[in-house]
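These notes are about the structure you will find just below.
Residue numbers start from 1 in every chain, and the chains themselves are labelled A, B, ... in the order their sequence lines are given, proteins ahead of strands.
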Amino acid sequence: MAAARHENRIGLWGWIGGGRWGIERYAYSLHRLTGLAVLLYFLLHIVVTSLRAKGIYLWTGSGFFHKPIFRFGEYLVFAAFAYHACNGIRLVLVELGVAIGKPIEPVFPYKTSLRVQRPLLIAVMIVALLLLAAGGYSGLTQ
Amino acid sequence: MKAARLWTWHMAAGVVLFFVLGLHMGIMHLGEIGHWFAPYGNLAVSIANSRFRDGMLTFTVGYIALLAIGLFHGLYGLRTMLLELTLRPAMEKAITVFLLILGIGLVGLGTWAAVAAHGVALAGVKG
């Protein structure tokens, strides 16, 4: 039997519109956005770095790859990676049932597990911020 | 079941990337702090430092592994997002086939480049 198919009425808005959901939903949207950004860079990065097999090092010399705008873009890629990696580890932990608390009876007033897992979100965001600061320091001093 | 298994692999690839790509990012973007695998000056991406890393077999194998795991994680993630748009089955299949061909092609290109660059670095050929 074919799986039931439902019309996706909210379309792309469903990716970014969290509505009344908590900060974790927006963290997830940013996770997807940074994932797409890193993927786009990665595809271009493969082609550019593959040229070194022919002795072509496009990122050396004084070309576009040394202009401040590219250096800033490179830092943005690092920032996207740092966020995506830290938040990704959180998502894996949550998917495995870590740091979300034990299941309880749904007795009114209902309790949400989001408050239980929020410290994990805060912790990984602090790690991501530390990485961003280290990357920024390294980039500025190069 | 197949989708669940692939999703598990997607997550596992993400965990591996956290460490391997983290190491790569550390070498490339935190060079001013760590100076890891960059004995020729401060710039991690200079030709001399690139060739130094290309000449190490561990890096060649690491680049190929990073390439394959990164492409699987990235392209499967992109496929998941696109299929959430509830497209027609024919379009979903076309997306799957396109991303599969793209991934295999880029793994081939990157593997060739990593192996060739390893040879160039070992031979000490100037670019």
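Summarising the geometry of His118(B) relative to Gly55(B), their closest heavy-atom pair is CE1-O, 3.3 Å, with the distance given to 0.1 Å.
Side-chain atoms of Arg79(B) and Thr96(B) form a donor-acceptor pair, as typed in the model, at a separation below 3.5 Å.
In this structure, the portion of His73(B) lying under 4.5 Å from any heavy atom of chain A is its side chain and not its backbone.
Top candidate by heavy-atom pairs under 4.5 Å with chain A, chosen from Asp54(B), Val115(B), Leu75(B), Leu102(B), is Asp54(B). Chosen from Val15(B), Leu21(B), Leu78(B), Leu17(B), the residue pairing most often with chain A at heavy-atom distances under 4.5 Å is Leu21(B).
Classification of Glu24(A) and Arg118(A) as a salt-bridged pair holds, one side-chain N sitting under 4.0 Å from a carboxylate O.
One hydrophobic cluster, built from ILVMFWY side chains closer than 4.5 Å, holds both Trp9(B) and Leu96(A).
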